[in-house]
Amino acid sequence: MTEKTVLNDTHRALGARMVDFGGWDMPINYGSQIEEHHAVRNGAGMFDVSHMTVVDLHGARTRDFLRHLLANSVDKLKVHGKALYSCMLDERGGVIDDLIVYYLGEEFFRLVVNAGTRAKDLAWIERQAQAFEVQVKERPEFAMIAVQGPAARAKVLELLHEVDRSRIEKLGKFAAAAAQGPHGMPLFVARTGYTGEDGFEIIVPAEHAVALWEALAAAGVAPAGLGARDTLRLEAGMNLYGQDMDETVSPWEANLGWTIALDEGRDFIGRVALEQQKAAGVPRVMVGLVLDDKGVLRHGQKVLTANGEGEILSGSFAPTLNKAVAFARIPAGAPGEVRVDIRGREVPVRLVKYPFVRDGKPCEGI
Amino acid sequence: MSEIPGDLKFLKSHEWARVEDDGLVRVGISDHAQGQLGDLVYVELPEVGAAVKAGTGVAVVESVKAASDIYSPISGEIVEVNELLNDKPETINEDAFGEGWIFLVRPSDRAELDELLDANEYEELAENDDH
């Protein structure tokens with residue numbers, strides 16, 4: 001049975017093309033994915049991301065639990081509202097999911113996890129939480145709207161109650177705070193996102209989501225579908241769970257080494273496996289590819305290197321760059337000239353450091 | 001849905017065929033199909049002079065989202081391709097039944113056209129596709 005967010009009728013009224021997205025009936029676009037992509041890069045766009053799941057953790061030993069559960073260290077979270085990006089690993093060092101954790105009090109942390117992995121994540125978290133007597137509470141009564149783009153923060157700020165504006169305006173990157181939205185609706189405003197642009201992800205009680213969406217639309221924020229979200233996050237060099245990593249991939253192999261905290265004396269799930277893999281040499285690396293020729297790089301295409309075959313992970317036409325880019329996982333070592341097999345044709349590609357786009361502009365060398 | 005020109009014949013896979021005054025057959029994809037595909041960003045055109053067989057893939061259109069094979073509705077020889085699509089693939093989004101045509105075939109067996117759907121039959125198929 002397909003699930004629907006509280007904004008489903010709103011999307012349909014806007015003429016959205018709906019698709020099944022991890023068991024959810026979600027808008028892929030409202031007409032033109034490319035226009036929606038540019039709307040976010042150049043101004044402000046909004047995404048219904050209510051299919052993602054909010055999970056609240058309560059208990060005296062919540063911090064200890066998260067020290068054990070996550071590969072990144074929650075000890076970095078010291079200030080109320082501060083957020084951290086982390087992988088949640090299994091014992092073999094495979095990625096169960098990537099998530100954001102918010103520090104809301106010594107006995108209260110909030111997780112936001114992916115839509116497609118929700119059931120698996122919850123089962124895993126609940127199992128691990130038992131030993132720490134942490135209460136795991138899913139919050140389906142919340143919807144979530146991401147407002148992204150260079151004008152996104154200003155557009156949201158004008159809708160907030162005036163007493164909250166300057167405080168939310170000063171909110172640092174990767175931090176969250178409560179505020180009052182239109183008609184006094186209670187919002188949890190986080191300066192996070194998934195597009196490489198500045199902006200907010202707003203958690204709102206489901207009964208207020210339509211009113212918030214409409215207020216944002218009236219303020220000139222363009223509705224954008226999950227299609228644009230995908231090309232934006234690819235350009236910004238952000239991994240997508242299921243495409244760029246899963247349980248068969250370690251964070252080292254998914255270019256997520258920066259999220260692993262090998263802090264002394266912390267025994268997190270997967271640590272032993274990660275240390276072993278690092279000592280033995282990581283067999284595969286994740287790289288960025290640019291196709292200067294015509295064509296589009298796609299998930300699953302074969303990548304040919306001097307060290308053997310690799311595979312395209314996320315790949316797409318990049319609207320900001322007007323050419324195709326991709327992530328690929330290839331054997332470690334000097335790759336030589338790299339080619340991609342596009343329907344039997346071997347096409348040369350350039351290996352690049354990503355992100356491909358930063359602050360709305362192509363990165364150097366892309 | 002946009003009006004489907006009555007002089008077109010269709011494959012179930014959403015390609016259209018139009019018999020021109022000179023007997024050549026022009027081929028494209030339907031307005032319904034371009035809408036399903038979304039923003040087109042690349043068209044892999046066939047070679048002029050290539051022999052094609054009805055029902056086989058001869059071109060590829062790629063939208064941001066996916067690549068789709070384009071089948072020839074008729075057997076024969078490719079006599080012209082729409083070079084405009086090299087620089088402006090979005091022409092198919094804008095005018096699928098007109099400027100967005102893809103290739104032109106000199107048919108070897110016009111009788112094959114009788115196997116295709118007419119505009120009414122295709123419209124019914126496209127409508128069912130929407131639900």
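Letters A, B, ... are given to chains in the order of the sequence lines, protein chains preceding strands, and every chain is numbered from 1. Remember, it's a predicted structure, so these values are computed and weren't measured experimentally. These values consider heavy atoms only, across backbone and side chains, with no hydrogens, waters or symmetry-generated copies.
By the side chain to side chain contact (heavy atoms under 4.5 Å, CB included) test, A/Arg284 pairs with A/Val249, A/Glu253, A/Arg329, sequence neighbours left out.
Note on ring orientation: taking the six-membered ring where Trp is involved, the planes of B/His14 and B/Tyr122 are perpendicular (angle over 60°, cut-offs 30° and 60°). Using bins of under 30°, 30° to 60° and over 60° for the plane-to-plane angle, the ring pair A/Tyr30/A/Trp213 lands in the tilted bin.
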Step-by-step side-chain hydrogen bond (donor to acceptor under 3.5 Å, both in side chains) determination, B/Ser63 to B/Asp39: CA-CA 5 Å; B/Ser63 67; B/Asp39 297 302; over 6 Å; no
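Neither the backbone nor the side chain of B/Asn93 comes within less than 4.5 Å of any heavy atom in chain A. Neither the backbone nor the side chain of B/Val43 comes within contact range of chain A; no heavy atom of the residue lies under 4.5 Å from a heavy atom of that chain. Heavy atoms closer than 4.5 Å to chain B are found in the side chain of A/Thr231, but not in its backbone. Contact of B/Glu44 with chain A is made through the side chain alone, with heavy-atom distances under 4.5 Å.
Taking A/Gly227, A/Ser316, A/Gly295 one by one and counting their heavy-atom pairs under 4.5 Å with chain B, the maximum is reached by A/Gly295.
A 6.0 Å sphere centred on CD of B/Glu90 holds more than 12 heavy atoms belonging to other residues, nucleotides or ligands.
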